[in-house]
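In what follows, every chain begins at residue 1, and chains take the letters A, B, ... in the order their sequences are listed.
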2 protein chains.
Amino acid sequence: MLDERKQKILRITVKDYIESAQPVSSRVLAKKYHLGWSPATIRNEMADLEEAGYLIQPHTSAGRIPSDRGYRFYVDFLMDLEPLPQEDIEYINYSFSCPLSWENLLEQVAEVLSQRTSFVGVVLFPQLNSAFLKSIELVELRENVISLIMTTSTGVVKERIIKLSYSSQEFELYSIKEKLNKSFANKELQEVYWLLLQKKVPKNIPLEIYQGLEQLLWEVLEKEKEEGIFIAGISRIFKHLEFQDINKVKDLLSVLEEEKTLASLLFSAFLNHGLTILIGNEIGISELSDCSIITTIYSLRDSIIGALGMIGPKRMKYERMLTFVEVMGKVLSEKLSEIFEK
Amino acid sequence: MLDERKQKILRITVKDYIESAQPVSSRVLAKKYHLGWSPATIRNEMADLEEAGYLIQPHTSAGRIPSDRGYRFYVDFLMDLEPLPQEDIEYINYSFSCPLSWENLLEQVAEVLSQRTSFVGVVLFPQLNSAFLKSIELVELRENVISLIMTTSTGVVKERIIKLSYSSQEFELYSIKEKLNKSFANKELQEVYWLLLQKKVPKNIPLEIYQGLEQLLWEVLEKEKEEGIFIAGISRIFKHLEFQDINKVKDLLSVLEEEKTLASLLFSAFLNHGLTILIGNEIGISELSDCSIITTIYSLRDSIIGALGMIGPKRMKYERMLTFVEVMGKVLSEKLSEIFEK
DNA sequence: GTTTAGCAGTCATTAATAAGGAGTGCTAAA
DNA sequence: TTTAGCACTCCTTATTAATGACTGCTAAAC
């Protein structure tokens, strides 16, 4: 473990670098922060910190910058969380003062996450595994073509167009619908999906219809957890010094556009059940080695249904961002419950 | 009008610049293309073309590049359209060999547009103004909270969660639904919207429900034409020489992320009813002054319902791209009809 | 033992200069 | 009307030199 002086030096080194974006030199540290040690002493300590892997020297005659490990130590032990500034509180209140549909709400959360931070905001779609199937409707669009509509307990509606191989009568569709609802309504989606996979379906239902339902559930349960996200503020990353280099932007952008990668990051945050920070290579994606990700979860009626987060340069004000993301998770949960509760 | 020699020189100047990305000099033109005129002669002609606004000289001792006007003349009068290469045909067939839902289809079209061109592909959502309302369903999610689900004749389903101010009984919801369907089913969405605006609604329908329907229609008819698009391949633009400069990328990206701008460009293509090319400043957006946009429309059952297109650097192979976009419009129309027709 | 002043050495950054090359416009002759 | 020739312009690249910011190390001071 680091002794007190080393911790102090690491702390202000990280803080100063986050502030200034310049490698921090012993001279600056001694002069600017009145530590009471000479630059030479600090130099020795910094050399030790480098040896221990907390700091990095970009080149021989440069100051030092934090390594992933240095940031990690700072985040875990050295920083003081900041409360949300009044300004942000007001901005959030203002942004969510109008009632929104759930999709627009998620989108707006991503947007606000980005606007207040100039980073990229992301929100994972609600995961429906533990949602209930509320009802199934069948609507005839034209002869032989129907639309199967599924409503879930979270208010998410999914639909699929199905072609029938024979001409259907209206009363017939009605009875099929009744049968389906009788068998499946108010069961968990996951359960319904299993029942379908095991072919435990009511009799006399046309093959096309229960296949359609099965595919719809597959999309909702399997595919969306991999792909369903809102992203906002990609173009804001140009504001940051670390993304003035075309190649870095290129790398970052190709990852952000490949939504699957991001979705799976958020999905593991969702499984994690709490506030998470990943710094640089901890993310496990080489293109994001200059970035950090802060994620948290959101819930509806005490059950966690999704995740949200923020991607920015490693050199970010963690003490603020952490609070901000946490609050946004709470706000989203609250607003969602407002949509669904009286 | 330009005489034959000037046209010939303009033609190969544009072609050569598109190919090489280098300002074209009189010497190269004379040597590479065996025109039978000396560099000096060509120089004189090029000077005339510059004076007439078809060519631009980046600086005194450089060759010439086409101006917007030069590209325009080339596109309108000088180029020979190329048929779609076999390779592209196969790629398209392969990409659309699996059946897809209409959303995935649109997304895939945007993706293919981008993949085969390394440009940005865009597809406008189907415009529902002339679609019919097929049915309205009401599903109770919990006490006092219902979901209103509207199906349209194009198979698009839209829903909205509505809170009721009083406790509703199931049979009551059923009768409301029947009334709504009786009044509105099989009418054009636009007409239904007008009826609602004029408060020509059946009696004894709770205020919240018809307000919900009105808002839903507003979203579909007004908002989506401004916002609903699929974009694909943003990160591919880095492959092009013109986007190696961080500031250009920044500009382009901020426009692309602001989906409204793009959607309204596509929307006017939709109103245009055909294949459109906009070159550089013709687009009317300063950030896109180095880009060109090619758009066309797609249809379902003989009525035009949307638009699609491609954004790339001005220096693109128009003879190919035009064909490609045109074909993609046809493919999308075909595949859409496959979803809806037998 | 710990701290510090002093100094040599390293490396990035910037500016200045020079050399080379590509291409034009103009003139005068063919 | 076309073309050869030449002076001129401007971009690009390489080289060099000067500057400045830090560090690591050593030896002296506390």
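- Taking every side-chain heavy atom of A40(B) into account, dT3(D) is the closest of dC11(D), dT3(C), dT3(D).
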F73(A) and Y54(A): ring pair (Phe, Tyr, Trp, His ring centres under 6.0 Å), yes or no, with the steps?
CA-CA 8 Å; F73(A) 193 89; Y54(A) 296 98; 5.4 Å; yes
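- With DNA chain D read from its 5' end, the first of the two nearest nucleotides for M46(A) and N44(B) is the one closest to N44(B).
- Ion pair D3(A)/K6(A) flagged as a salt bridge, since at least one NZ, NE, NH1 or NH2 atom sits closer than 4.0 Å to an Asp/Glu carboxylate oxygen.
- With rounding to whole Å, D16(A) atom CG is found 16 Å from dA21(D) atom P.
- Atoms CD1 (I42(B)) and C1' (dA4(D)) sit 14 Å apart, rounded to a whole Å.
- When distances run from any side-chain atom of R43(B) to the nucleotides dC11(C), dT24(C), dT3(D), the shortest one goes to dT24(C).
- The partner of dG6(C), taking Watson-Crick or G-U wobble pairs whose two distances both stay under 3.5 Å, is dC25(D).
- Set against dT3(D), dG24(D), dG23(C), the side chain of S25(B) has dG23(C) as its closest nucleotide.
- Between L55(A) atom CG and dG24(D) atom C1' there is a gap of 16 Å when expressed in whole angstrom units.
- Dashed line: the shortest gap from a side-chain N or O of T60(A) to OP1 or OP2 of dT10(C) is not under 4.0 Å.
- Per the geometry, CD belonging to Q22(A) stands 17 Å off C1' belonging to dT23(D), to the nearest Å.
- Computed from coordinates, the E45(B) CD to dT3(D) P distance equals 11 Å when rounded to whole Å.
- Using a 4.0 Å cut-off between charged nitrogen and carboxylate oxygen, R11(B) and D80(B) count as a salt-bridge pair.
- The nucleotide whose nearest atom lies closest to any side-chain atom of R64(A) is, among dT3(D), dC11(C), dG24(D), dG24(D).
- Per the geometry, NZ belonging to K32(A) stands 16 Å off C1' belonging to dC22(D), to the nearest Å.
- For T41(B), taking side-chain heavy atoms from C-beta onward, the closest of the listed nucleotides dC11(D), dT2(D), dA12(C) is dT2(D).
- Comparing S61(B) and S38(B) by the nucleotide of DNA chain D that holds the closest heavy atom to each, the one mapping nearer the 5' end is S38(B).
- Geometric assessment of R236(A) against the ring of F119(A) yields a negative cation-pi assignment under the 6.0 Å and 45° thresholds.
- At dT3(C), one or more side-chain N or O atoms of R5(A) fall inside 4.0 Å of OP1 or OP2 (strictly under the cut-off).
- Rounding to whole angstrom units, CD of residue Q57(A) and P of dG9(C) are separated by 18 Å.
- Protein atom CG of D48(B) is 12 Å distant from nucleotide atom P of dC26(C), rounded to whole Å.
- One finds a salt bridge joining K314(A) and D68(A) here, because a Lys/Arg side-chain nitrogen approaches an Asp/Glu carboxylate oxygen to under 4.0 Å.
- With distances taken from any side-chain atom of A47(B) to the nucleotides dG25(C), dT4(C), dT9(D), the minimum falls on dG25(C).
- Side-chain atoms of R27(B) stay outside donor-acceptor range of the base of dG23(C), with no qualifying N/O pair under 3.5 Å.
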